[in-house]
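Chain letters run A, B, ... following the sequence lines, proteins first, then strands; residues in each count from 1.
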Protein chains: 2
Amino acid sequence: MPVSVAALVERAPGEKRVALVPEVVAKLVSNGFSVMIESGAGEHAFFSDSDYKKAGAKVVSAAEALKATIILSVNRPPTATVAKLTKGQFLIGQLRSLVDAKDLETAAAKGVTVISLDRLPRQVSRAQTMDVLSSQASVAGYRALIAAAEAFSRYFPMMMTAAGTARPAKVLVLGAGVAGLQAIGTARRMGAQVSGYDVRPAAREEVASMGAQFLETSVESAVGEGGYARALTKEETARQQKELSVQIAKFDIVITTANVPGRKPPILVTKETVAAMAPGSVIVDTASGPLGGNVEGSVSEKRVVTKNNVIIIGSNIFAAQMPSAASTAFAKNMTAVLDSIYKDGQIVIDPDDEVIEAMLIPAALKGVAK
Amino acid sequence: MPVSVAALVERAPGEKRVALVPEVVAKLVSNGFSVMIESGAGEHAFFSDSDYKKAGAKVVSAAEALKATIILSVNRPPTATVAKLTKGQFLIGQLRSLVDAKDLETAAAKGVTVISLDRLPRQVSRAQTMDVLSSQASVAGYRALIAAAEAFSRYFPMMMTAAGTARPAKVLVLGAGVAGLQAIGTARRMGAQVSGYDVRPAAREEVASMGAQFLETSVESAVGEGGYARALTKEETARQQKELSVQIAKFDIVITTANVPGRKPPILVTKETVAAMAPGSVIVDTASGPLGGNVEGSVSEKRVVTKNNVIIIGSNIFAAQMPSAASTAFAKNMTAVLDSIYKDGQIVIDPDDEVIEAMLIPAALKGVAK
């Protein structure tokens, strides 16, 4: 019997993505999987039940989908859903085990194989095709820039017309990870004058390679475990903020992308800085979520207009606002995960596979794999 | 005494522009004008009363501003406002005399000098710096494309990542006037795969010069008076629609820009075509207003989602959605108008000035000037 794989309707608020798309379903089916999709799962990402059927999936109820051997999920499913999984099943997705692993540990204790992609060892080159953090950050960075362009009251590119010349928008991107570099690239493409900043020293070169200027401050070299920016010391944070503040206030558009997974995001733009910005300026905070954000005064999933008419757009799920692209990339990442655990028509977890081991709950929680 | 110029709060629904911006106020003041701004006139375009004061304007009440010799206005002011103007005053702006000239004729009969920019003879090269239709269409074309990018669920550029390649968005721009060409340029800049179409034969070359492909149909050569596309015959329209329909349905994004000033816009996208488009496709109708639009089912100032999940965004004042850029360009156009009627500290209408004559109400209505 073929191994069954299922994707459910994502039930997190504001979530529009889906873990499988028709294009990928067709590929899985041709690789020997049987695929089930909960009815309506792709609706918000513009994939209809009939698209999935045409690709070879069975469109089923949630209860039916939950019987599949492998459940793929963008987010951690609700507690009640995770609780329904039984021994021998697999739960794979961006399960936010860094924020709260309780449900996942309970499932794992029952014999469910839980693979939490937010623990992917991103430096291993073989892991890149599975990197949902990267694929979703790429969408988020692009999308954040589009949101800024939409909220901005002027052109991004320089415009030379009979009536005179309009200067290009000045865009600053704080944080030069995948999302930040994608935002820089998009802003450059649109003709803006772009600067970038990151505490990691390597970022200087990356920012420059995208054709943007690097913003100078005296706070440098803060690489943490796993390639993320490490949390700064208090003194460093204060100094960084002070120096950045002076410079930030001169930009038309500021995009912040400093996410430290599972931790409160660092404040990069204080309310004093926001107050010093020109009316009509736009700040997009891609770290704005339940744990806070990079910008004082940003509210997750809201557009805030300050007293001095600065527009602050906050969300930490910008990828969900471009659900077709984000879901397609996510689903492709999922096929890479499946490829590495699917051998001769069977699912086999190889204990020597450092990539999968690093994401296995509960082993990953105990630091078995680095 | 210096000639006084004033800009009022624009009172049309959805209007966020203003006829004067601080940068231009400073220039007028240095040229010898005294400038009055109705308090709050620049608010929606992010120009504060204090910005205007710093530039040398007096911030006043509406009643006070209406006493100025010259009233500049983005739109035709409300009937009650126009009625307050008296002999010797000037009203200059995009006064929509092509749609309804009654209020303007009444004012002119009393001795108000009314200059309606929508009658600008656009082919006269000296008129280009005054061309508000062009400057506002440029903003609208850019803005329409940004609105499409914001509503679209996928990337515009081709994206090559570890997880695979995303194809570029396919964008079609119908109508290759200023707005259409600006939309094409913006879409190209953002990395989309762009096609353009217009019934005017000259458009083929213009579309190609922007790096876009020209969509082929058998309906050609429809240049009307003043360089606008002329209204097509019934037979031509039917044939054009049939041929376009087949092609349009294949695009991800369709921007329509076929405005014939003062007339009902031609339907370019029928409801059958919309029904044939893929879910998640986006149509932006920049002709959608009280007289109709280019797209069946578009609703002015609304975002419509059809049964087959096509998103239709309709507005004929996209320029007002980017009010800082639009107002700045408009105000610069106004200085060009003022330059041509201001000599030695006085306002003089030269009867031999073909550009001004063409816009003077009621002379322009009688076809005195071509």
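Of the listed residues (B:F330, B:F47, B:F156), the greatest number of heavy-atom pairs within a distance under 4.5 Å of chain A belongs to B:F156. Between chain B and the options A:A331, A:S327, A:P323, heavy-atom pairs under 4.5 Å are most frequent for A:P323. Ranking A:S135, A:A329, A:A149, A:P157 against chain B, the residue ahead of the rest is A:P157, based on heavy-atom pairs under 4.5 Å. The residue among A:Q128, A:K332, A:E150 with the most heavy atom pairs within less than 4.5 Å of chain B is A:E150.
Using a 4.5 Å cut-off between heavy atoms, B:T129 contacts chain A through both its backbone and its side chain. Contact of B:M159 with chain A is made through the side chain alone, with heavy-atom distances under 4.5 Å. Neither the backbone nor the side chain of B:A166 comes within contact range of chain A, judged by heavy atoms closer than 4.5 Å. With a threshold of 4.5 angstrom between heavy atoms, B:I311 approaches chain A through side-chain atoms but not through N, CA, C or O. For B:S138, the parts sitting under 4.5 Å from any heavy atom of chain A are the backbone and the side chain alike. Using a 4.5 Å cut-off between heavy atoms, B:Y155 touches chain A through backbone and side chain atoms alike. Only the backbone of B:F152 comes within less than 4.5 Å of a heavy atom in chain A; its side chain stays farther off. Looking at B:S125, there are no atoms closer than 4.5 Å to chain A (heavy atoms on both sides), in backbone or side chain. In this structure, chain B has no heavy atom under 4.5 Å from any part of A:S281. For chain B, the nearby parts of A:V139 are the backbone and the side chain; heavy atoms of each come within less than 4.5 Å.
Formation of a donor-acceptor pair under 3.5 Å by the B:D49 side chain with backbone atoms of B:S39 is not found in this model. With hydrogens and angles ignored, the 3.5 Å screen pairs a side-chain donor or acceptor of A:D51 with a backbone N or O of A:S48. At distances below 3.5 Å, not a single donor-acceptor pair connects side-chain atoms of B:D131 with backbone N or O atoms of B:R122. A:E10 places no side-chain N or O within 3.5 Å of a backbone atom of A:A12 that could act as its donor or acceptor partner.
A distance of 8.5 Å separates CZ in A:R188 from CE in A:M210, rounded to the nearest 0.5 Å. Atom OG1 of B:T335 and atom OH of B:Y342 lie 13.0 Å apart (nearest 0.5 Å).
Between B:Q321 and B:E301 the shortest side-chain heavy-atom distance falls below 4.5 Å. Between A:I283 and A:V274 the shortest side-chain heavy-atom distance falls below 4.5 Å.
The pair B:K170-B:D252 fails the salt-bridge criterion, with no side-chain N (NZ, NE, NH1 or NH2) lying under 4.0 Å from an Asp/Glu carboxylate O.
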